[in-house]
Number of protein chains: 2
Amino acid sequence: MTTIKDVAKLAGVAVSTASYALNGKQKISEETRRKVFEAAKKLNYQKNGFASDLKSKSTKTIALILSDLSGPYYSQLIQGVQDVSYENGYNLVACSSFGGYNSTAVKFLMEKRVDGTIVFAHNIENDLLVQAAHESFPIIALDRSIESDHIVSIEVDNEQGGYLATKHLVELGHKHIAYVSGPVTTHDNILRFKGYQRALKEHNLPYKSKWNISGNFTREGGYNAAKLLISQKDLPSAVFFANDEMALGGLRAFKEKGIEVPKDISVIGFDDIQLAEYTRPSLTTIRQPKYEMGALAAHILYQLLKGEETENFYKLSTELIIRESTKILT
Amino acid sequence: MTTIKDVAKLAGVAVSTASYALNGKQKISEETRRKVFEAAKKLNYQKNGFASDLKSKSTKTIALILSDLSGPYYSQLIQGVQDVSYENGYNLVACSSFGGYNSTAVKFLMEKRVDGTIVFAHNIENDLLVQAAHESFPIIALDRSIESDHIVSIEVDNEQGGYLATKHLVELGHKHIAYVSGPVTTHDNILRFKGYQRALKEHNLPYKSKWNISGNFTREGGYNAAKLLISQKDLPSAVFFANDEMALGGLRAFKEKGIEVPKDISVIGFDDIQLAEYTRPSLTTIRQPKYEMGALAAHILYQLLKGEETENFYKLSTELIIRESTKILT
DNA sequence: CTGTTAGCGCTTTCAA
DNA sequence: TTGAAAGCGCTAACAG
């Protein structure tokens with residue numbers, strides 16, 4: 001590997017001069033600059049990133065930590081982060097927290113290989129984030145609330161989303177509304193369920209636990225939950241699936257049993273994944289502002305990096321997207 | 001920031017001892033190790049990744065460079081890379097080549113911030129890769145063929161895919177088969193088109209240039225191409241869209257004009273994107289082995305990193321996926 | 001088993 | 001405008 005030393009030697013200047021020239025500092029004469037660049041080119045010199053980072057104590061890059069790099073779910077979020085990063089002249093790398101303590105994510109968090117990070121990965125514990133955060137290493141935590149210095153959390157208002165979904169069904173005249181939940185201990189699920197209950201209560205509708213079925217946030221789980229609902233007789237007139245994946249499974253189960261959506265039963269999901277638009281019938285759902293979330297996260301991170309003050313908690317609203325899977329109860 | 005020096009001082013040992021202890025080297029006594037860890041914990045010590053990389057000349061991480069980090073298209077590819085990386089105990093970061101010469105990707109390529117890289121981004125030129133590649137920095141180039149030391153290319157057999165698609169249509173009895181192409185200069189498009197022509201020739205079917213329409217690889221382009229085909233009268237009985245996105249646009253155009261797929265016209269795509277399964281009718285297409293491509297790329301990269309020999313060129317086969325959008329010509 | 005020390009490749013202060 | 005030299009935080013060779 002050729003180093004800056006080699007370049008300096010070939011150009012017949014001092015290392016410092018070579019460094020100044022290569023980095024475009026003003027104080028170097030045209031002549032010298034040219035010589036240095038020539039030498040660099042001849043040797044196919046490529047700077048060693050670590051060495052310069054080590055010295056300058058800044059990498060001009062941030063990391064986006066996701067629990068699954070390959071999830072299409074993150075697409076818009078990434079887009080938001082990317083756009084804002086680009087505007088700010090920062091570099092962005094994405095890494096996965098797959099593998100827990102041995103994951104790339106944890107390595108990046110603990111070894112400060114970047115200037116700051118945005119974390120959207122539930123398999124990383126709060127403690128670890130608290131430990132990793134530092135004045136010179138701010139962290140933006142998505143979809144969790146965490147109170148600590150140098151950490152800002154951004155959450156989607158899941159409670160409001162749950163409320164919105166349920167209210168939509170109620171306003172269509174539905175009085176018997178089932179809730180297919182995600183893993184019961186999940187933060188997201190708990191809040192969506194709270195919103196569901198609040199809407200019921202506000203409209204004086206009773207909550208029936210037999211209509212609260214667990215679906216594990218998976219397509220399969222939603223399928224099974226719908227099957228269970230059907231086998232219970234006394235089918236509700238509407239079902240709120242706590243995410244779209246489960247709703248997809250539910251749609252399939254209803255179709256298999258000859259129950260027509262939305263004629264016989266209304267279905268609403270949560271997330272607005274890409275597929276929601278393409279199912280038959282297309283899926284009414286609650287849209288999470290994912291792009292905005294990513295953009296906001298990046299924006300705040302860059303403020304922090306500039307030493308500016310910010311709130312340490314943000315909440316984003318959801319939006320009801322009405323498609324074909326819900327209709328007025330006749 | 002607390003450094004290893006601070007830890008050593010607090011523990012009352014030398015830096016080297018602290019380093020050995022922290023890195024789990026054998027030669028340190030239990031007692032000393034304990035002292036060091038205690039001190040590290042008390043100071044919330046976190047190692048500086050660059051410094052150690054600089055010294056050890058290895059990062060144990062590779063980069064996956066994509067032209068668009070947020071594209072759902074890459075999902076399976078990433079999965080393949082990730083799985084194999086995990087098995088090999090390497091870290092993986094993904095970065096985008098968006099922004100050309102100022103992109104994160106180029107920074108990582110030129111500044112050797114990782115041990116090696118897999119590139120799937122057409123906006124990075126061959127020259128740059130050739131320049132960046134080095135014995136200690138192997139590069140795997142996907143979907144392009146490039147001949148240079150320390151670079152291995154992996155391609156999907158686009159020609160064979162084009163042939164397969166066309167042959168499928170021919171075998172269903174179609175004699176009038178249009179080709180909706182991507183940008184005409186694209187490597188991918190050229191090869192798919194070649195395959196199309198080979199299949200025609202092999203079955204003694206004439207090639208008609210009026211049935212070769214450009215669609216730019218976009219949904220919109222496919223839509224327009226289909227419209228054009230329709231307005232030309234003399235509609236072919238089958239259309240091969242050089243990718244699924246265009247086929248989606250085509251499907252919409254046909255539906256709008258009351259032309260039924262596959263009754264009136266057969267449609268085949270290329271890629272097997274996730275949506276292909278969900279359109280009405282679902283889309284017959286050519287699947288690219290994306291997971292395999294990612295896994296193979298990573299596998300080869302790790303071989304190279306271990307100093308083993310490999311081929312410098314690999315070609316992967318495609319597969320015909322028959323769904324509803326093609327049928328026997330009656 | 002532990003300590004001393006050189007040095008990875010770079011940036012930047014200071015002096016010329 | 002240029003050069004000499006210090007030192008970022010760490011690892012590892014070597015000596016004890």
Side-chain angles (χ1 to χ4, degrees), chain A residues 1-40 43-61 107-108 110-115 134 136-137, chain B residues 1-40 43-61 107-108 110-115 134 136-137:
Chain A
M1 233 21 304
T2 100
T3 74
I4 198 171
K5 249 187 187 161
D6 304 320
V7 175
K9 193 186 292 171
L10 182 62
V13 299
V15 193
S16 54
T17 307
S19 169
Y20 288 137
L22 260 6
N23 291 306
K25 297 282 197 271
Q26 295 307 322
K27 45 183 162 185
I28 300 294
S29 73
E30 243 344 288
E31 170 63 6
T32 314
R33 187 187 306 284
R34 207 187 39 68
K35 275 196 305 194
V36 173
F37 273 96
E38 226 161 56
L43 298 171
N44 189 23
Y45 166 71
Q46 297 171 204
K47 95 146 90 168
N48 179 320
F50 321 131
S52 88
D53 289 346
L54 175 58
K55 194 65 205 180
S56 40
K57 292 180 164 304
S58 143
T59 64
K60 271 284 179 185
T61 109
K107 179 168 173 176
F108 269 66
M110 300 314 284
E111 302 185 357
K112 309 282 135 74
R113 291 182 131 78
V114 285
D115 293 353
H134 188 275
S136 61
F137 191 78
Chain B
M1 230 30 297
T2 101
T3 75
I4 198 171
K5 251 187 187 159
D6 303 319
V7 174
K9 192 184 293 172
L10 181 62
V13 301
V15 253
S16 56
T17 307
S19 171
Y20 288 136
L22 259 7
N23 291 307
K25 297 281 196 272
Q26 295 305 323
K27 44 183 164 186
I28 299 296
S29 73
E30 244 342 290
E31 170 63 7
T32 313
R33 188 187 305 281
R34 208 187 38 68
K35 274 195 306 193
V36 172
F37 273 95
E38 227 161 54
L43 298 171
N44 188 25
Y45 166 72
Q46 295 169 205
K47 97 145 87 167
N48 179 321
F50 319 131
S52 91
D53 289 346
L54 175 58
K55 191 68 208 181
S56 41
K57 291 182 165 303
S58 144
T59 63
K60 272 285 178 183
T61 110
K107 180 169 174 174
F108 269 67
M110 299 314 284
E111 303 186 356
K112 308 284 136 73
R113 292 183 131 77
V114 287
D115 293 353
H134 188 273
S136 61
F137 191 80

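Order of the sequence lines sets the chain letters (A, B, ...), proteins ahead of strands, with each chain counted from 1.
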* Selection from D:dT2, D:dA12, D:dG9 that lies nearest to any side-chain heavy atom of A:Lys27 -> D:dT2
* **From C:dT2, D:dC8, D:dA4, nucleotide with atom closest to A:Ala14 side chain** => D:dA4
* Verify the contact: side-chain N or O of A:Lys25 to OP1 or OP2 of D:dT1, cut-off strictly under 4.0 Å; return yes or no. => no
* Check every strand shown and say whether A:Asn23 touches a base, only sugar-phosphate, or nothing at a heavy-atom separation below 4.0 Å. => sugar-phosphate
* Rounded to the nearest 0.5 Å, how far apart are NZ of A:Lys27 and OG1 of A:Thr17? -> 9.5 Å
* Which nucleotide in D:dG9, D:dG3, D:dC8 has an atom nearest any side-chain atom of A:Val13 -> D:dG3
* Atom pair distance, as rounded to whole Å: CZ in A:Phe50 and C1' in C:dG7 -> 16 Å
* Mark yes or no for whether A:Asp115, through its side chain, and A:Ser58, through its backbone, hold a donor-acceptor pair below 3.5 Å. => no
* Whole angstrom value for the distance that separates C1' of C:dC8 from CG of B:Asp53 -> 11 Å
* **For atom NZ of B:Lys5 and atom P of C:dT4, their distance in whole Å** => 13 Å
* Establish, with yes or no, whether the OP1 or OP2 oxygen of C:dC10 is under 4.0 angstrom from a side-chain nitrogen or oxygen of A:Ser19. => no
* Could a donor-acceptor pair under 3.5 angstrom be found where the side chain of A:Tyr20 meets the base of C:dT13? -> yes
* Asked: How is A:Ile28 classified with respect to the nucleic acid when contacts are heavy atoms under 4.0 Å: base, sugar-phosphate, or nothing?
  -> sugar-phosphate
* Considering only side-chain heavy atoms of A:Ile4, which listed nucleotide, C:dC10, C:dT4, D:dG9, is closest? -> C:dC10
* Asked: Separation of B:Met1 atom CE from D:dC10 atom P, in whole Å?
  -> 9 Å
* **Whole angstrom value for the distance that separates P of C:dT11 from NZ of A:Lys57** => 15 Å
* **Salt-bridge criterion met for A:Arg33 and A:Glu30 (N-O under 4.0 Å)** => yes
* Of the candidate nucleotides C:dT5, D:dG9, C:dT11, which contains the atom at the shortest distance from the side chain of B:Val15? -> C:dT5
* Name of the residue among B:Ile4, B:Leu10, B:Leu22 meeting side-chain contact (heavy atoms from CB on, under 4.5 Å) with B:Val36 -> B:Leu22
* Answer with base, sugar-phosphate or nothing: what part of the nucleic acid does B:Ser56 contact at a heavy-atom distance below 4.0 Å? => nothing
* To do: Would you indicate which nucleotide in C:dT12, D:dG3, D:dT11 comes nearest to any side-chain atom of B:Ser52?
  => D:dT11
* Asked: Would you say the side chain of B:Ser16 and the base of C:dG3 hold a donor-acceptor pair, judged only by whether the two atoms sit under 3.5 Å apart?
  -> yes
* To do: Would you kindly give the CD-to-P distance between A:Gln26 and D:dT2, to the nearest whole Å?
  => 13 Å
* Please state how far atom CG in A:Leu54 lies from atom P in C:dT12, giving the value in whole angstrom units. => 12 Å
* Output the single nucleotide from C:dC1, C:dT12, D:dG3 whose closest atom is nearest the side chain of A:Thr17. => D:dG3
* To do: Assign each of B:Ser29 and B:Ala51 to its nearest nucleotide of DNA chain C by heavy atoms, then name whichever residue's nucleotide is nearer the 5' end.
  => B:Ser29
* **Pairing of B:Glu38 and B:Arg34 as salt bridge, 4.0 angstrom limit** => yes
* Asked: D:dG7 base to A:Lys55 side chain: any donor-acceptor pair below 3.5 Å?
  -> yes
* Please state how far atom CG in B:Asn48 lies from atom P in D:dT11, giving the value in whole angstrom units. => 10 Å
* Nearest-0.5 Å distance, CZ of residue B:Arg113 to CG of residue A:Asn48 -> 8.5 Å
